[in-house]
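So the structure is just underneath, and the comments pick up after that.
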Number of protein chains: 2
Amino acid sequence: MANPKLSNRSRSSAVQGEIRQTKPFRSTAQEATIALLRTASIVNRALARVVEPYGLSLAQYNALRIIRGAGAGGIPTLSIRERMIEEGTTITRLLDKLEDAMLIRRERSVPDRRQVLCFVTDGGRKLLDSLDPLVNAADEDAVASLSELELERFISLLDAVRQTNAKRGAPRNAGLART
Amino acid sequence: MANPKLSNRSRSSAVQGEIRQTKPFRSTAQEATIALLRTASIVNRALARVVEPYGLSLAQYNALRIIRGAGAGGIPTLSIRERMIEEGTTITRLLDKLEDAMLIRRERSVPDRRQVLCFVTDGGRKLLDSLDPLVNAADEDAVASLSELELERFISLLDAVRQTNAKRGAPRNAGLART
DNA sequence: GGAGAATAGTTATCATAGCAACTGTTGCTA
DNA sequence: TAGCAACAGTTGCTATGATAACTATTCTCC
């Protein structure tokens with residue numbers, strides 16, 4: 001622990017209020033990590049509720065968007081996993097579900113027969129088209145309390161946190177995305 | 001969607017780089033939510049790796065800390081859930097595990113026999129005592145790239161996001177905490 | 001060109017999250 | 001004070017997540 005950053009200051013804290021804690025947090029760092037995890041959990045569930053009525057989990061929706069983003073060339077299975085928000089190890093079964101639902105199609109790659117390429121089907125594309133505005137709206141809502149400038153700062157701070165954590169034990173410093 | 005906040009600016013984005021996306025994010029809000037979820041996922045796993053060697057999941061560790069924080073008076077089951085980071089509905093079974101491991105003790109409340117009060121055992125307290133420094137260090141590490149001032153801002157931004165989301169569909173606007 | 005390492009996925013096993021239905025207890029109130 | 005709503009937990013079912021072991025294919029480089 002190179003930099004203790006112990007503070008125990010008396011700043012009013014929303015998190016402290018929420019948890020009805022008597023003692024203040026022992027460090028700003030601890031408060032920050034808890035606030036981060038807590039906030040993400042809430043946003044995650046809010047977004048999940050948007051797509052669930054359409055029979056998709058948030059992870060499935062995310063994967064589907066990534067596959068659509070790959071375009072006509074398709075995308076190999078593990079590339080999808082690298083780009084997902086939660087790098088679930090269950091990517092195969094997740095894709096199985098999407099394929100069962102006829103939202104994607106899979107076929108072995110021609111030059112490299114180890115790979116399995118994934119393509120979005122017309123049905124999958126149609127589903128995404130109807131979901132896009134809803135999810136975009138939910139994204140906006142989730143951070144609606146922040147101004148554009150605050151959003152930029154927020155993203156920078158998150159990037160910084162991710163940067164340091166990606167280097168060490170973290171699962172994989174790959175990306176995420178919807179595209 | 002009251003406030004589109006569409007930007008598509010050309011600012012360099014760490015998240016974009018990570019995901020090797022060709023097209024920029026469609027909105028700053030979308031980039032922020034993705035960065036938030038992604039970052040939390042990474043930090044979550046980093047913290048989980050700290051406690052897992054001791055036979056605890058992060059949620060179990062969190063619950064155990066909450067129970068310890070309640071002190072000699074004990075704490076009813078559902079109060080624990082309200083204060084947890086992830087408000088899992090599986091609180092009963094989570095506590096079952098902790099009880100099986102002799103880390104907590106449970107007994108029906110005297111005045112209100114509906115409640116089940118939870119207490120940390122000596123063993124549980126000892127385990128936490130040995131884990132505390134490790135988890136504190138991990139918390140510090142997770143946000144080590146941020147200065148104290150940045151941490152304060154970061155927490156404020158997270159608080160703001162949580163505030164708006166707690167009001168609507170979110171699970172429950174209760175708290176979280178270890179203590 | 002063949003042995004072995006590396007890569008791409010899949011499968012098995014287990015623990016956990018979510019939802020909903022259910023039991024036992026207390027409080028309200030007519 | 002009987003009856004019903006609300007509260008506190010529990011349990012069953014299903015789906016998802018994490019690890020790790022396993023198969024199939026390709027690469028490497030003597």
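Note on naming: letters A, B, ... go to the chains in the order of the sequence lines (proteins, then strands), and numbering restarts at 1 for each one. Worth saying up front: this structure is predicted, and the values here are computed from it rather than measured. Values reported hereafter were calculated over all heavy atoms of this structure, with side chains retained and with hydrogens, waters and symmetry mates removed.
- Side chains of A:Glu148 and B:Thr28: a donor-acceptor N/O pair is present below 3.5 angstrom, by distance only.
- In this structure, A:Leu117 and A:Glu52 both approach DNA chain C, and ranking their closest nucleotides by distance from the 5' end singles out A:Leu117.
- Five base pairs at each end of the helix from C:dG1-D:dC30 to C:dA30-D:dT1 define two local axes, and these are offset by 10° (rounded to 10°).
- In this structure, the CD atom of B:Gln60 is 13 Å from the C1' atom of C:dC14, given to the nearest Å.
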Only pairs under 3.5 Å count here: list side-chain donor-acceptor contacts from residues 110-122 of chain A, not counting sequence neighbours, and write none if there are none.
| from | atom 1 | to | atom 2 | distance (Å) |
| --- | --- | --- | --- | --- |
| A:Asp112 | OD1 | A:Arg114 | N | 3.0 |
| A:Asp112 | OD1 | A:Arg114 | NE | 3.1 |
| A:Asp112 | OD2 | A:Arg114 | NE | 3.4 |
| A:Asp112 | OD2 | A:Arg114 | NH2 | 2.9 |
| A:Thr121 | OG1 | A:Met102 | O | 2.7 |
| A:Thr121 | OG1 | A:Leu103 | O | 3.0 |
| A:Thr121 | OG1 | A:Gly123 | N | 3.4 |
| A:Thr121 | OG1 | A:Gly124 | N | 3.1 |

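- At whole-Å resolution of the value, CZ in B:Arg108 and C1' in C:dT26 are 12 Å apart.
- By the 4.0 Å N-to-carboxylate-O rule, A:Asp100 lies too far from A:Arg93 to be salt-bridged with it.
- For the residue pair B:Ser145 and A:Gln163, no side-chain donor N or O sits within less than 3.5 Å of a side-chain acceptor on the partner.
- Among the protein residues, B:Thr89 comes within range of the nucleic acid bases, having at least one heavy atom under 4.0 Å from a base atom.
- We find that CZ of B:Arg113 is positioned 18 Å from P of C:dT23, with the value rounded to whole Å.
- Listed by residue number, the members of residues 90-107 of chain A with any heavy atom below 4.0 angstrom from DNA chain C are A:Thr92, A:Arg93, A:Arg106.
- Nearer the 5' end of DNA chain D, as judged by each residue's closest nucleotide, is the contact made by B:Val116, out of A:Arg114 and B:Val116.
- For A:Asp132 and A:Arg68, the salt-bridge test passes: some basic side-chain N is under 4.0 Å from an acidic carboxylate O.
- Looking at residues two or more places apart in sequence or on another chain, you find a side-chain contact (heavy atoms from CB on, under 4.5 Å) between A:Glu86 and B:Ser41.
- Rounding to whole angstrom units, CG of residue A:Leu78 and P of C:dT10 are separated by 8 Å.
- With DNA chain D read from its 5' end, the first of the two nearest nucleotides for A:Pro111 and B:Ile75 is the one closest to B:Ile75.
- Here the range on DNA chain D touched by chain A, meaning any atom under 4.0 Å from one of its heavy atoms, is D:dT16 to D:dT26.
- Salt bridge annotation for B:Arg162-B:Asp159: present, with a cationic side-chain nitrogen under 4.0 angstrom from a carboxylate oxygen.
- Under the rule for a side-chain hydrogen bond (donor to acceptor under 3.5 Å, both in side chains), the partners of A:Arg105 that lie at least two apart in sequence or sit in another chain are A:Glu107.
- Between A:Ala142 and A:Val43, the shortest heavy-atom distance links the atoms CB-CG1, 4.1 Å.
- Rounding to whole angstrom units, CE of residue A:Met84 and P of C:dG9 are separated by 15 Å.
- Proximity of a side-chain donor or acceptor of A:Ser156 to a complementary backbone N or O of A:Glu152 within less than 3.5 Å is detected.
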Please lay out, stage by stage, how B:Val51 and B:Leu134 fare under the test side-chain contact (heavy atoms from CB on, under 4.5 Å).
-> CA-CA 8 Å; B:Val51 298; B:Leu134 300 180; over 6 Å; no
